[in-house]
Each structure stands twice: as structure tokens, then as C-alpha cells.
Amino acid sequence: MIGLADCNNFYVSCERVFKPHLKNKPVLVLSNNDGCVIARSNEAKLLGIKMGQPVFKIRHLINKENVKLFSTNFPLYGDFSSRVMDILKSEVQKVEVYSVDEAFLDFSDSASIDRAIFIKNKIEKWTGIPISIGLGRTKSLAKIANYIAKKYTRKGAFILEDHLIQRVLGNFPVEELWGIGRRYGNMLKYSGVHTALDFKNMSSSWVKKNLSINGLRIQKELKGEKCFDIELVNRPKKNICTSRSFSSDISDVILLREIISNFTNLAASKLRKQKSCCNRITVFLNTNRFKPNDRQHYPRITLNFPTATNDSIEMTSMAIKALNIVYRKGCMYKKAGVILQGIVSQTEIQASLFDNIDRPKRKKLMQSFDKVNMLIGPDSVRLASQGFQSRWRHKKENKSPCYTTRFSDVLQININ
DNA sequence: TCTGGGGTCCTAGGACCC
DNA sequence: TCTGGGGTCCTAGGACCC
């Protein structure tokens with residue numbers, strides 16, 4: 001059996017740990033710039049607030065129902081995530097950390113509802129984060145079991161045993177299946193496939209033709225045939241992207257250079273962290289698509305490095321070169337980003353005959369760069385091109401303290 | 001006024017090779 | 001009548017995930 005542990009309303013739950021009076025109250029966590037809803041408490045879901053909804057469209061509801069808002073606080077969520085994962089790893093031998101709030105667990109040694117409930121309770125007691133655990137023969141079935149555990153059980157745990165599969169699938173909406181998104185969901189319903197059971201009974205060749213190989217795998221998994229294994233090593237990323245929307249529109253090329261320089265440096269440090277180099281860099285800009293009367297421009301350009309690199313200086317000058325090519329004067333840009341591609345391990349680099357950079361020296365420089373920034377804080381050492389302006393940075397008006405990752409934010413308790 | 005960020009995989013088609 | 005066969009690599013676009 002495979003288990004899926006999934007934290008309930010994860011970001012909201014993290015915020016509630018230090019604000020227990022918000023239990024049973026409607027709470028939202030907002031995206032960067034406090035623009036969209038990215039996490040909702042159950043109470044907020046009941047008010048009809050949707051995932052991804054722009055905040056300004058539900059402002060009246062927020063005021064009327066006294067919904068509590070939080071800006072994102074990723075250091076806090078990241079820290080809680082690793083605490084939860086550590087507990088899971090102490091209870092189960094093989095754990096695949098699937099996302100910030102989800103993990104697949106190998107229950108092949110012993111799968112019982114009591115064991116699942118024990119783990120769930122331990123996590124809640126030790127971290128304050130509520131979690132649900134679902135068990136099934138395959139990852140896809142475990143996902144379904146988790147959905148039921150979360151929605152229909154009190155204990156927060158559920159085992160999808162063989163004799164239940166027929167009935168459960170018959171009542172499970174096809175668009176809720178793992179790997180079936182909105183497009184496929186609509187297409188399936190249009191073809192008369194409404195439940196997971198309908199999907200399971202479709203002809204495999206039709207599924208393969210219309211939903212490609214991955215659709216076929218999902219179908220097999222519903223039949224109990226394992227197609228996705230638990231993966232224990234986290235594979236290095238094949239693409240690394242750093243992008244942001246700005247708090248206001250920007251047309252100033254000098255400022256855009258600073259922004260692109262900052263994005264490139266962030267991406268480069270992610271690249272070095274996983275001990276990789278990249279062969280290509282893409283720079284893109286977007287104007288504000290919600291202002292159709294403004295001049296629209298969505299340029300993107302990819303430049304190749306002569307030799308795969310993870311050197312911030314080399315990468316930044318390439319990125320700025322790219323920006324200078326695509327930038328159009330007079331356009332108001334709302335978002336920009338940098339994507340690194342052609343990622344290879346730093347030990348497998350094809351050297352170039354015409355390379356004129358002193359690689360060993362630069363490597364040492366980057367190592368010191370990273371070390372200082374790790375010890376003193378991000379961007380303590382930076383390239384001059386990164387600048388010091390901050391007017392493009394995010395609006396975060398409701399950010400909670402970093403209770404668990406910053407000494408100055410640690411809670412103080414007065415004992416009388 | 002105001003609309004997130006970071007990923008993966010698959011497929012088709014074009015350019016190229018012998 | 002009749003115009004080969006078998007590959008690789010790369011990229012863009014489209015689907016999906018959290």
C-alpha cells in the first residue's frame with residue numbers, strides 16, 4: 001500500500017499555529033503583492049471564495065465576514081514543511097516529499113488505519129499542523145483515498161481497500177483525478193465520462209490517443225497497476241525560473257536591468273545549490289494583460305552560453321544583453337523573469353577551446369559569494385548591477401513574523 | 001487602484017545525419 | 001504506373017501538478 005499525507009489548508013494552518021484564536025474563523029493567505037487567494041481555510045471555502053480569486057473582487061465579502069488576511073511568509077511555511085517531513089521520515093522508511101505540503105509514504109510493510117491515525121496525531125501534536133492520510137494500492141488510488149479522508153472522515157485517515165474501489169470510483173468526479181485537469185476534465189465529460197469509474201472502463205486506446213501516455217498510466221493505476229513509483233532521491237531541476245510581478249508597472253530600462261540582475265543572481269544561486277550548470281538563459285517581459293488599452297508586449301529571448309556555467313557574473317551580463325535586445329521603450333511592464341535551461345551537472349561540462357574566463361578562480365569567487373550570503377543573509381554580497389532600489393518589490397501588507405526562522409521574531413512569553 | 005510563482009512531461013514538426 | 005528507410009536532436013506548444 002502507498003500512503004499520501006497531505007496537510008490541510010497548509011499555509012493557513014501555519015499561520016494559525018501562532019494565532020490559535022483564528023481557529024474556526026475564515027482565513028486567507030494571499031499571493032505576492034497581496035493580489036490573489038492562494039490558500040483558504042474551510043470557513044473561507046464555505047463563503048464561496050475560490051482558489052486564485054483576485055482579492056479586489058471579493059473585498060466586500062472579506063469586510064462583511066471579517067475574513068483574516070495574510071501575505072505569504074514562505075520562510076515560515078518552508079520551516080513547518082521540513083518539520084512535518086522529518087516526523088514522517090521518523091515513522092516511515094521510504095518517504096517521497098512530493099511538494100511543500102504533501103508526501104507519498106511506503107506502507108508496504110504494514111498498512112493499517114491505526115498506523116495512519118497514529119502518524120497523523122503525532123504530526124498535529126508536535127507541529128500544530130492538521131494533516132490527512134489516504135492509503136491505496138497505487139499513487140493515484142492513494143490520492144483518491146486522501147480526498148475521502150479529508151472530506152468525509154472524522155479521523156482524517158482512510159484506506160481504499162479493494163472491495164471499496166468500485167463504489168468509491170463510481171462516486172468520484174473524473175475532474176478530481178490526479179493528472180486530469182480542467183481541459184481534460186471538460187473533454188471527458190463532453191464524451192460522457194463523468195466519474196473515475198467511467199474513466200477506468202474507457203477503451204485504453206481511446207485514452208492513449210486523447211490523453212497521451214500519462215492518461216493511460218492514470219487509467220492503469222485506477223485498475224491497481226502501479227505506474228508511478230515512490231521516488232526517494234530528489235532529482236536536480238531541469239529548469240530553474242525566477243520571475244515576479246511588480247507592485248506597479250515599470251518602463252524604466254535602468255530599473256529593469258537591476259531587476260533582471262537580481263532575478264539572474266537568485267536563479268544562479270539556486271543552480272549552484274544543486275551543483276549544476278546551465279547552457280541557456282531566457283529573459284522575458286510581460287506588460288499588464290489586464291489593461292487591454294495599454295500597448296501590449298510579451299517578448300522572450302533565449303541566449304546560449306559558449307560553455308555551461310553557473311557563474312553569476314557571466315550569467316548576469318548575458319541576461320542584461322538579452323534584456324537590451326527585447327526591451328521596447330514606452331511599454332509598461334508588469335512582470336519579468338529569467339529561466340535557466342539546458343541544465344547539466346557541474347561535473348559533466350564540455351569545455352570550450354576558446355573560453356577566456358579563468359574558471360577555477362571564478363568558482364572560488366562564487367563559493368565565497370554563497371558562503372558569505374549564507375552566513376550574513378541573502379544579498380549581503382551582490383553585484384553592483386543588482387542595485388539597491390526596492391520600489392519594484394512586493395507589497396506585503398499582512399505579513400506575519402518569521403516565528404521559527406528569525407531570532408528577532410521569536411515569540412516572548414511572560415510568566416508571572 | 002487591484003489579477004502569483006515554480007515546476008514536469010509529452011507530442012509534433014523541422015532540420016539534420018547516413 | 002512506380003521517386004527510400006531509419007534515425008537523432010531540438011524547439012514550441014500544450015497539458016498537467018503544487
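Chain identifiers are assigned alphabetically (A, B, ...) following the order of the sequence lines, protein sequences preceding nucleic acid strands; residue numbering begins at 1 within each chain. Note that the structure is predicted; figures quoted are calculated from it, not measured.
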Distance-only check: which donor-acceptor pairs under 3.5 Å involve side-chain atoms of residues 229-240 of chain A, not counting sequence neighbours?
residue, atom, partner, partner atom, Å
A:Glu231, OE1, A:Arg235, NE, 3.3
A:Glu231, OE1, A:Arg235, NH2, 3.2

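A heavy-atom distance below 4.5 Å is not found between the side chains of A:Lys270 and A:Leu340.
Residue-level contact check: A:Arg59 touches neither bases nor backbone, having no heavy atom under 4.0 Å from any strand. A:Asn214 comes within contact range of no nucleotide atom at all, as no heavy-atom separation falls under 4.0 Å. A:Thr302 comes within contact range of no nucleotide atom at all, as no heavy-atom separation falls under 4.0 Å. If you check every strand for non-hydrogen atoms under 4.0 Å, A:Lys291 touches sugar and phosphate atoms only. Within the nucleic acid shown, A:Gln53 has no heavy atom closer than 4.0 Å to any nucleic acid atom. Backbone-only engagement by A:Ile240 is indicated by non-hydrogen atom pairs under 4.0 Å involving sugar-phosphate atoms exclusively. Among the atoms of the strands shown, only primed sugar atoms or phosphate atoms (P, OP1, OP2) are found under 4.0 Å from some heavy atom of A:Lys143. Within the nucleic acid shown, A:Leu177 comes within 4.0 Å of sugar-phosphate atoms alone, with no base atom in reach, counting heavy atoms only. Here A:Arg289 lies out of heavy-atom contact (under 4.0 Å) with every strand. Contact annotation for A:Arg280: backbone-only contact, meaning every heavy-atom pair under 4.0 Å involves sugar-phosphate atoms and none involves a base. Here A:Asp34 lies out of heavy-atom contact (under 4.0 Å) with every strand. Among the atoms of the strands shown, only primed sugar atoms or phosphate atoms (P, OP1, OP2) are found under 4.0 Å from some heavy atom of A:Ile180.
For A:Ser31 and A:Asn33, the side-chain atoms include no donor-acceptor pair closer than 3.5 Å. Remark: the A:Asn9 side chain and the A:Ser41 side chain contain no N/O donor-acceptor pair separated by less than 3.5 Å. Of the N and O atoms on the side chains of A:Asn8 and A:Ser132, at least one donor lies less than 3.5 Å from an acceptor on the other residue.
A cation-pi contact, defined as under 6.0 Å to the ring centre and within 45° of the axis, links A:Lys68 to A:Phe70. Remark: A:Arg382 is positioned above the aromatic ring of A:Phe388, its terminal NZ or CZ atom under 6.0 angstrom from the ring centre and at most 45 degrees off the axis.
Residues A:Tyr11 and A:Pro236 both approach DNA chain B. Their nearest nucleotides, taken by heavy-atom distance, put A:Tyr11 toward the 5′ side. Remark on DNA chain B: of its neighbouring residues A:Lys238 and A:Gly35, the 5'-side contact belongs to A:Gly35, judged by nearest-heavy-atom nucleotide.
For an aromatic pair to be called close, the ring centres must be under 6.0 Å apart, and A:Phe172 with A:Tyr147 satisfies this.
Secondary-structure annotation of DNA chain B gives the stems B:5-18 with C:5-18, with a stem taken as at least 3 successive Watson-Crick or G-U pairs whose two distances both fall under 3.5 Å.
In summary, contact between chain A and DNA chain B, defined as any nucleotide atom under 4.0 Å from a heavy atom of the protein, begins and ends at B:dC2 to B:dT11 in the 5' to 3' direction.
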Exercise. Quick one: do A:Tyr327 and A:Arg257 satisfy side chain to side chain contact (heavy atoms under 4.5 Å, CB included)? Show the steps, please.
Key: CA-CA 10 Å; A:Tyr327 168 79; A:Arg257 274 185 207 135; over 6 Å; no
